[in-house]
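Numbers here simply count residues along the sequence, with the first being 1.
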Amino acid sequence: MTLRIAVFGENRHEKVDPTVQKIYPEGMHTVIADGLRETLAADGVDAEVRIALLDDIHESLSEEALAETDVLTWWGHMAHQDVPDEVVQRVVRRVHAGMGFIPLHSAHYSKPFIALMGTTCNLLWRNEGEEERVWTVNASHPIARGVPHPIVIPAQEMYGEMFDIPAPDELVFISSFAGGEVFRSGCVFRRGKGKIFYFSPGDQEYPVYRQAEIRRVLANAVVWARPEERPAVPVKIDNAQRDWFRGEEAERVI
């Protein structure tokens, strides 16, 4: 089946910041979407990738649009509060129902991620363009497939511990920085039927999303996060008589 991906981009820095305009003239969302298309196509994955922006969020992340989305990636930074609460509620409901969710970099402060985590999601940060090394700590995880150990990012914003999130269900990557800090940079969570992967590399001031290694991680992540294809088992509500699970009575109830 076709993997249906929505790439949400805030698209605010690209409008006002000359540095970002130089690095991502077509917008970060476009670079992320193109990277997914190219990497998934090379992997032989049938995928449709569309872009959703803050300016069209009521349409691009409507109930109908989200119902046709298997995985949603999310990048935001300077306009988290501009995301309408009703859209946040839609996203959270869809994740609980099985949609994959991949918040990127500063989307740790996005409304959907905070709602799904139930914590402040605060962290340490410093933006001095330091080298980041992304170390694989769970090589058997599908998201780590084909990923070099470590990924070297020449310049990036530092994110450091403590990171106020619940303990991840699985930790795939940790990062170390030239300044000495470490950070849980690739965290897996499950909420309801949905799978979440938080991945921290990707500040707007550096061409991180143009790196082939980062594109590989994101492509692996959307494939892993897609809803699991399994037959639905109907759940019946019935008056359970004593010893219903024995013999013919069990067959009647089930």
Side-chain angles (χ1 to χ4, degrees), residues 5-13 28-29 32 51-58 60-63 65-67 69-127 143 156-175 181-204 208-209 217-218 221-222 224-225 227:
I5 305 162
V7 173
F8 175 78
E10 188 180 80
N11 195 36
R12 289 292 183 267
H13 288 284
M28 279 182 287
H29 48 276
I32 293 169
I51 289 172
L53 299 176
L54 184 56
D55 288 338
D56 61 21
I57 195 168
H58 287 289
S60 60
L61 297 184
S62 65
E63 291 280 8
L66 285 173
T69 300
D70 296 318
V71 182
L72 171 64
T73 73
W74 192 287
W75 196 100
H77 183 226
M78 65 186 297
H80 294 309
Q81 295 309 309
D82 293 343
V83 175
D85 289 340
E86 59 267 30
V87 174
V88 176
Q89 293 166 6
R90 287 176 205 157
V91 170
V92 170
R93 285 197 302 268
R94 281 287 294 135
V95 171
H96 287 160
M99 181 182 73
F101 183 55
I102 303 177
L104 302 171
H105 190 57
S106 46
H108 69 92
Y109 271 150
S110 66
K111 286 182 178 181
F113 187 62
I114 289 175
L116 287 161
M117 295 297 103
T119 58
T120 69
C121 300
N122 288 340
L123 46 74
L124 296 180
W125 65 275
R126 179 178 61 253
N127 194 359
I143 295 176
Q156 166 68 348
E157 181 180 25
M158 185 282 292
Y159 274 6
E161 300 289 347
M162 287 293 295
F163 185 17
D164 184 24
I165 54 172
D169 295 328
E170 296 179 272
L171 188 60
V172 183
F173 304 111
I174 61 170
S175 288
E181 291 87 359
V182 296
F183 187 70
R184 289 169 289 171
S185 54
C187 301
V188 165
F189 306 90
R190 288 179 180 264
R191 293 293 183 270
K193 297 179 181 178
K195 291 180 279 189
I196 301 167
F197 176 61
Y198 171 74
F199 190 55
S200 66
D203 183 77
Q204 71 277 359
V208 176
Y209 293 121
V217 171
L218 298 185
V222 295
W224 167 82

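Here the closest heavy-atom approach between residue Gly160 and residue Leu123 is recorded as O-CB, 3.8 Å. The shortest non-hydrogen separation linking Gly98 to Pro227 is O-CG, 3.4 Å. Among all heavy-atom pairs drawn from Phe8 and Leu53, the shortest one is CE1-C, 3.7 Å. In terms of heavy-atom proximity, Lys111 sits nearest to Val83 at NZ-O, 2.8 Å. Between Arg191 and Pro166 the shortest heavy-atom distance is NH2-CG, 3.8 Å. Considering every non-hydrogen atom in both Met117 and Ile196, the closest pair reads CE-CD1, 4.1 Å.
We find the NE2-OG1 distance between His29 and Thr73 to be 11.0 Å, quoted to the nearest 0.5 Å. One finds the CG atom of Asp203 at 4.0 Å from the NE2 atom of His105 (value rounded to the nearest 0.5 Å). To the nearest 0.5 Å, the span separating NE2 on His80 from NE2 on His108 amounts to 6.5 Å. Atom CE of Met28 sits about 8.0 Å away from atom CG of Asn11, to the nearest 0.5 Å. Note that NZ of Lys193 and NE2 of His96 are 12.0 Å apart. Values are rounded to the nearest 0.5 Å. The CZ atom of Arg90 sits 8.5 Å away from the CD1 atom of Ile57 when rounded to the nearest 0.5 Å.
Counting heavy atoms from C-beta on, the side chains of Gln204 and Trp75 come closer than 4.5 Å. Between Glu181 and Glu161 there is no side-chain heavy-atom pair separated by less than 4.5 Å. The closest side-chain heavy-atom distance from Ile143 to Phe173 is below 4.5 Å. Using a 4.5 Å cut-off on side-chain heavy atoms (C-beta onward), Leu171 and Cys187 make contact. Within the 4.5 Å cutoff, the side chain of Pro84 has heavy atoms near those of the His58 side chain. Residues Tyr198 and Ile165 fail the side-chain proximity criterion, which asks for heavy atoms closer than 4.5 Å. Between Phe183 and Met158 there is no side-chain heavy-atom pair separated by less than 4.5 Å. Looking only at side-chain heavy atoms (C-beta outward), Val95 and Val92 stay at 4.5 Å or farther from each other.
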- Item | side chain to side chain contact (heavy atoms under 4.5 Å, CB included) assessment of His77 paired with Arg12 | CA-CA 8 Å; His77 183 226; Arg12 289 292 183 267; over 6 Å; no
- Message: Walk me through whether Val217 and Val172 qualify under side chain to side chain contact (heavy atoms under 4.5 Å, CB included).
- Response: CA-CA 11 Å; Val217 171; Val172 183; over 6 Å; no
- Query: Yes or no on side chain to side chain contact (heavy atoms under 4.5 Å, CB included) for Val182 and Ile174, after CA distance, side-chain angles and deciding distance?
  - Reply: CA-CA 7 Å; Val182 296; Ile174 61 170; 5.7 Å; no
- Message: Before you tell me yes or no, could you show the steps for Asp164 and Thr120 under side chain to side chain donor-acceptor pair (under 3.5 Å), namely the whole-Å CA-CA distance, both residues' side-chain angles and the distance that decides it to 0.1 Å?
- Response: CA-CA 6 Å; Asp164 184 24; Thr120 69; 2.4 Å; yes
- Task: Please report the C-alpha distance between Leu104 and Tyr209 in whole Å, then the side-chain angles of each, then the deciding distance to 0.1 Å, and finally whether the side chain to side chain contact (heavy atoms under 4.5 Å, CB included) criterion is met.
- Result: CA-CA 11 Å; Leu104 302 171; Tyr209 293 121; 3.4 Å; yes
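In this structure, Gln156 contributes its side chain and Val208 its backbone to no donor-acceptor pair below 3.5 Å. Judged by distance alone, with hydrogens and angles left aside, the side-chain atoms of Arg94 form no donor-acceptor pair with the main-chain N or O of Leu72 at under 3.5 Å.
Remark: Lys195 does not engage Glu170 in a salt bridge, criterion side-chain N to carboxylate O under 4.0 Å.
Aromatic pair Phe189/Phe101: ring centres not closer than 6.0 Å.
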